[in-house]
Amino acid sequence: WSWFLLAALVSPMMVGLRVDFSMLLEPLGFVKVLEWILAIFAFATCGGFQGETTLLVSCKGVVNKTITAAFAYPFRLNTVVFSAPDPKGCGGTWTDAYLTGNFSSSAQFFVTLAALVFLYCLIALVVYIGYNHVYQQNNKFPLTDLVISVLTAFLWLVSTFVWAKALADIKVSTGASVIPGIESCKVPGTTCHFLSVTSMGILNVSVVFGLLNMILWAGNVWLIYKDSNLHSQWNRISESP
């Protein structure tokens, strides 16, 4: 698809640039704009998150000291540490404690897909607006567009459910369940209480955007089939004896 677009852009004398923004009002162009916007939201809501988990610690020489572990995309929680609540490390009884889990693969899969979809939508819109006559006359364009749309809808389905599972695990790994895994909190004379964790509502929204993207791309498959010559060609083949 990219090679076809490149050939169209570098050979204007052969194919001719015919800018027609009315394509954005057609279902095929309008849906592509929506896909472009939703890809931005999916990318931003997941890739831009920053949060922290806060504990309340009392130990030797320290009373009710707050300690935090700051985490963010791509959610390599096993590198996030709760430092000692005081310079003396609770009299030498405190050792740095890390959160558990590495969810970078799931998060990066989701965000990378959103970034690639964003770029593809821009390329497709250039073709729809400037080279729609070539798109309609050359079956390779609609067919390639159709195949990419099917693949993209499938990838949105997979990445969204993978990311949703990772998000559920992230909530567990940054919640009150972190305390039993901190050995320093088990030392006699030391008490740890879970205080708070940053709201992950925006990450829940990213999952919703993933599902919306999947639905939109699945619908786009039908639009490409109906609005291109593929539909009429298939009808002629099915009606032929």
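Computed over heavy atoms, backbone and side chain alike; hydrogens, waters and symmetry mates excluded. No experiment lies behind these values; they were computed from the predicted model shown.
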Inset, instruction - Step through the shown structure and confirm whether more than 12 heavy atoms of other residues, nucleotides or ligands are within 6.0 Å of NZ on K186. - result: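 It does: K186 NZ has more than 12 such atoms within range.
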
Legend entry - Within 6.0 Å of CZ in F109, more than 12 heavy atoms from elsewhere: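 Result for CZ/F109: enclosed.
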
Nearest-0.5 Å distance, [atom1] of residue [X] to [atom2] of residue [Y]:
X: I123; Y: K32; atom1: CD1; atom2: NZ; result: 11.0 Å
X: F194; Y: C185; atom1: CZ; atom2: SG; result: 12.5 Å
X: L113; Y: W163; atom1: CG; atom2: CH2; result: 14.0 Å
X: I224; Y: T144; atom1: CD1; atom2: OG1; result: 10.0 Å
X: D145; Y: L28; atom1: CG; atom2: CG; result: 6.5 Å
X: L195; Y: T53; atom1: CG; atom2: OG1; result: 10.5 Å

Contacts table for residues 214-221: side-chain donor-acceptor under 3.5 angstrom, sequence neighbours left out:
from	atom 1	to	atom 2	distance (Å)
N220	ND2	E35	OE2	3.4
N220	ND2	S149	OG	3.3

Legend entry - Minimum side-chain heavy-atom gap W36-V117 below 4.5 Å: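 Not touching, per the 4.5 Å side-chain cut-off.
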
Legend entry - Side-chain touch Y120/I148, heavy atoms, less than 4.5 angstrom: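 In short, these two side chains touch, coming nearer than 4.5 Å.
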
May I ask whether [X] and [Y] are part of the same hydrophobic cluster, defined by side-chain heavy atoms of I, L, V, M, F, W, Y residues being less than 4.5 angstrom apart, directly or through others?
X: L24; Y: I40; result: yes
X: V208; Y: L38; result: yes
X: W94; Y: V81; result: no
X: F103; Y: Y98; result: no
X: L116; Y: L122; result: no

Looking only at non-hydrogen atoms, find the nearest pair between [X] and [Y] and report the distance.
X: P180; Y: A176; answer: CD-O, 3.9 Å
X: I202; Y: F49; answer: CG2-CD1, 3.4 Å
X: D96; Y: A84; answer: OD1-N, 3.9 Å
X: N213; Y: A42; answer: ND2-CB, 4.0 Å

Inset, instruction - Taking T93 for its side chain and C90 for its backbone only, find out whether a donor-acceptor pair lies under 3.5 Å. - result: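 Yes, the answer is positive, given that a donor and an acceptor are paired below the 3.5 Å cut-off.
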
Inset, instruction - Only counting residues at least two apart or in another chain, list the ones meeting side-chain hydrogen bond (donor to acceptor under 3.5 Å, both in side chains) with T152. - result: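 Checked T152 against side-chain hydrogen bond (donor to acceptor under 3.5 Å, both in side chains); zero matches.
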
Inset, instruction - For E52, enumerate each residue passing the side-chain hydrogen bond (donor to acceptor under 3.5 Å, both in side chains) test, keeping only those at least two apart in sequence or located in another chain. - result: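 Expected list: none.
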
Donor-acceptor contacts, no H, no angles, side chain residues 55-78, under 3.5 Å, sequence neighbours left out:
from	atom 1	to	atom 2	distance (Å)
S58	OG	N64	N	2.9
S58	OG	N64	OD1	3.1

Legend entry - Candidate list F110, F41, W156, test ring pair (Phe, Tyr, Trp, His ring centres under 6.0 Å), partner F209, passing option: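 One option only clears the test, and that one is F41.
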
Legend entry - side chain to side chain contact (heavy atoms under 4.5 Å, CB included) against F43, all qualifying residues, sequence neighbours excluded: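 In terms of side chain to side chain contact (heavy atoms under 4.5 Å, CB included), with neighbours along the sequence ignored, F43 is linked to V111, A114, A115.
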
Please list every donor-acceptor pair under 3.5 Å in which a side-chain atom of residues 166-174 meets a protein atom from a residue at least two apart or in another chain.
from	atom 1	to	atom 2	distance (Å)
D169	OD1	K165	NZ	3.3
D169	OD2	K165	NZ	2.7
K171	NZ	N204	OD1	2.8
S173	OG	T100	O	3.3
S173	OG	D169	O	3.0
T174	OG1	I170	O	2.8

